[in-house]
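Here is the structure we will look at.
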Amino acid sequence: MQSYDRLLIGGKWDAPATPSVLQVISPLTEEVIAQIPDCSTRDIDRAVAVARASQDHGPWPHMPVAERIGILRKLAAGLRAHELDFARTQSEEVGSPYSLISAIQAEVAAALLDYYLDLGSTYPFEEVRPGLFSKALVLREPVGVVGAIVPWNYPLSLSFFKLAPALLAGCSVILKPDSATPLHSYILGEILQEIGLPQGVMSILPAGREASEHLVTHPDVDKIAFTGSTAVGKRVAALCGQTLKHVSCELGGKSAAILLDDVALDQIITPLIYRALPNNGQTCIAQTRLLVPQTRYAEITEALVERVRTLRVGNPLDPHTEIGPLVTQRQRDRVDGYIASGLAEGAKIAVGGKHPPAMTKGWFVEPTVFVDVNSSMRIAQEEIFGPVLVVLPYADEEEAIALANDSAYGLSGSVWTADQARGIALARRIQTGTIGINNAGLDPAAPFGGWKQSGIGRELGREGLEEYFELKSILLPPERPPAFAAEERAVPGL
Ligand code: NAD
């Protein structure tokens, strides 16, 4: 068992304020694999104090951008050097299939840094604008101390959705991973110590709910960048609203994959299933509502079910495994609850629905496909966050669009078709932040975020950097007197 007795506070490993500890439990063996300090509000206070000092007195926010970029390039190299350590750790603590996670954890985090550091070398942090009355020097200054709160499902890469733009912008960051999956953050802490970041710029505190809310409400924190469930996002946004603190929220989803009637099944089934069930279905952009033309319903459903039946369930560290265990017992209970609710509401299970009999330990659920689903059922409306898909038939494209938009969420989506132009025309009518044609996912250059209850604000792209600025306009001396200057205006007749 690994035992950690330090927290990264302002870039240094430091003893926690209290001796209390938390256990990390393996989703595969259900045994304790590590213990970490149980972060308290006093630890949050210490991290915020050093971040505040870094923000107000430098050097990080004030150094030339090129210097910050130089330091952050070392961070990207450090992530790549530890790529396999991160992958193994995430398989162990989250249950993510190694085959998936070894390709997309550290590499995505490093690629996000590459993208933002390239952008930063040409981005106009300052510009002079010709105004109506005077020129204005427009400054994009760091928003300040950032609390970055991330969930357990892709803990490293999701951290860099925030860290890459925030650090480039010149912010100091308190990163708050989920306390159930903190182990990757100890590898990250080691790298952060080695790259020459000034004191105070980075802290990592895997806090629980009480200490997390303390971070959210702390008066010396200027912005909260949150990724997690819609329920907690609403609470975080409401707390930030009390002091008008900057807040961005990346929240849940229930994304529709619309299969058009011209789709070539042999070409799309495998890529579609991978985008529907990544990370054991625990992915915000998973394409979990499959909308299928009535005219091809039987044929498409059969192909989906056959492919899902062949998914290999097992130990996440086995490179052949496609579906591992869910992250916690609580998460499996939640997924079991949705399966029971689907059956109670009249949907039918075409494949899966149980705990795999071969796995005697671990929080596994068989990959599951529900048919005979209608859009009002809870399994069609609510985010299940497990390996459970629902298939809904549609009569024509208008009904497909209506079904896709019949959701409180609007995070992702996809259209599967042999005709790209037809796919784009349909995608224009879907209420969502990102949608793919024979594709689903994201790209560092494309703004990513939610419509409706999937979030507020954007990550990735230029827009993701701009979330970490305060704007300041310095008006330069007027070149001519303002036309409205009172002393120059005589009222006629007086
Ligand atoms: P969660 O909302 O329970 O927790 C997310 C984070 O918030 C964790 O670090 C948690 O410790 C912290 N937290 C919990 N209560 C808090 C509070 N009161 N104040 C401050 N922080 C608090 O979500 P989860 O179950 O860990 O993650 C799954 C959810 O995240 C899903 O809904 C998924 O769709 C969403 N998600 C969204 C995106 C996106 O980019 N839109 C990406 C990944 C996951």
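Remember, it's 1-based here, ligands and their atoms both numbered in the order they're listed. We count residues from 1, following the sequence as given.
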>> Against the six-membered ring of Y468, is K223 placed for a cation-pi contact (under 6.0 Å from the centre, within 45° of the normal)?
In response: yes
>> Determine whether M202 and I204 satisfy the following criterion, side-chain contact (heavy atoms from CB on, under 4.5 Å), listing intermediate values before the conclusion.
In response: CA-CA 7 Å; M202 270 300 312; I204 305 181; 4.2 Å; yes
> By number and element, which atoms of ligand 1 are closer than 4.0 Å to a non-hydrogen atom of V150?
Replying inline: 6 (C), 8 (C), 9 (O)
>> Show the atoms of ligand 1 that are less than 4.0 angstrom away from any heavy atom in N153.
In response: 43 (C), 44 (C)
> Are side-chain heavy atoms of Q35 and L22 found at a separation under 4.5 Å?
Replying inline: no
>> Within the protein, is there a heavy atom lying under 4.0 Å from atom 4 (O) of ligand 1?
In response: no
> Closest non-hydrogen protein atom to atom 18 (N) of ligand 1, residue and atom name please, with distance?
Replying inline: E213 OE2, 2.7 Å
> Does the pair E93 and H184 meet the rule for a side chain to side chain donor-acceptor pair (under 3.5 Å), with working shown?
Replying inline: CA-CA 9 Å; E93 65 178 340; H184 69 284; 3.1 Å; yes
> Looking only at heavy atoms of F226, does any of them come nearer than 4.0 Å to an atom of ligand 1?
Replying inline: yes
>> Going by the closest heavy atom to atom 29 (C) of ligand 1, which one wins out of A231, A148, S229?
In response: S229
>> I149 versus ligand 1: do any nitrogen or oxygen atoms come within less than 3.5 Å of each other?
In response: no
> Between L158 and ligand 1, which residue portion shows a heavy-atom distance shorter than 4.0 Å: side chain, backbone, both, or neither?
Replying inline: side chain
> Judging by distance only, is a nitrogen or oxygen of S454 under 3.5 angstrom from one on ligand 1?
Replying inline: no
> Should you measure from each heavy atom of E383, which atoms of ligand 1 turn up under 4.0 Å away?
Replying inline: 31 (C), 32 (O), 33 (C), 34 (O)
> Just checking, is any N or O donor in the side chain of S26 or E31 under 3.5 Å from an acceptor N or O on the other one?
Replying inline: no
>> Aromatic contact between W13 and Y4, with the criterion being ring centroids under 6.0 Å apart: yes or no?
In response: no
> Do any nitrogen or oxygen atoms of W152 come within less than 3.5 Å of a nitrogen or oxygen of ligand 1?
Replying inline: yes
>> Checking a contact table here: which protein heavy atom is nearest atom 37 (C) of ligand 1, and how many Å away?
In response: L251 O, 3.1 Å
>> Does either side chain, that of Q431 or that of K452, offer a donor lying less than 3.5 Å from an acceptor on the other one?
In response: yes
> With a cut-off of 4.0 Å, which atoms of ligand 1 are near a heavy atom of F448?
Replying inline: 40 (O)
> Who's closest to atom 39 (C) of ligand 1 heavy-atom-wise, of C284, S212, S179?
Replying inline: C284
> Quick check: does E459 get an N/O under 3.5 Å from an N/O on ligand 1?
Replying inline: no
> What protein heavy atom is closest to atom 27 (O) of ligand 1, reported as residue, atom name and distance in Å?
Replying inline: P151 CB, 3.3 Å
>> Suppose we call two aromatic rings close when their centres sit under 6.0 Å apart. Are Y123 and Y116 close by that rule?
In response: no
>> For the residue pair T41 / E210, report whether a side-chain donor-acceptor contact shorter than 3.5 Å exists.
In response: no
> Hey, what do you get for OG (S248) to CZ (F161), rounding to the nearest 0.5 Å?
Replying inline: 12.5 Å
>> I need the atoms of ligand 1 closer than 4.0 Å to a non-hydrogen atom of L411, numbered in the order shown.
In response: 41 (N)
>> Between E322 and R312 (salt bridge meaning N to carboxylate O under 4.0 Å), is one present in this structure?
In response: yes
> Thinking salt bridges, do R73 and D118 make one under a 4.0 Å N-O criterion?
Replying inline: yes
>> Taking CD in Q199 as the centre, count heavy atoms belonging to other residues, nucleotides or ligands within less than 6.0 Å. Is the count above 12?
In response: no
> Tell me: protein heavy atom nearest atom 16 (C) of ligand 1, and distance?
Replying inline: V232 CG1, 3.4 Å
> Heavy atoms only: which of R209, K176, E250 is nearest to atom 11 (O) of ligand 1?
Replying inline: K176
> In the protein, which heavy atom is nearest to atom 28 (C) of ligand 1, and how far is it?
Replying inline: F385 CE2, 3.5 Å
> Can you find an N/O atom of G228 closer than 3.5 Å to an N/O atom of ligand 1?
Replying inline: yes
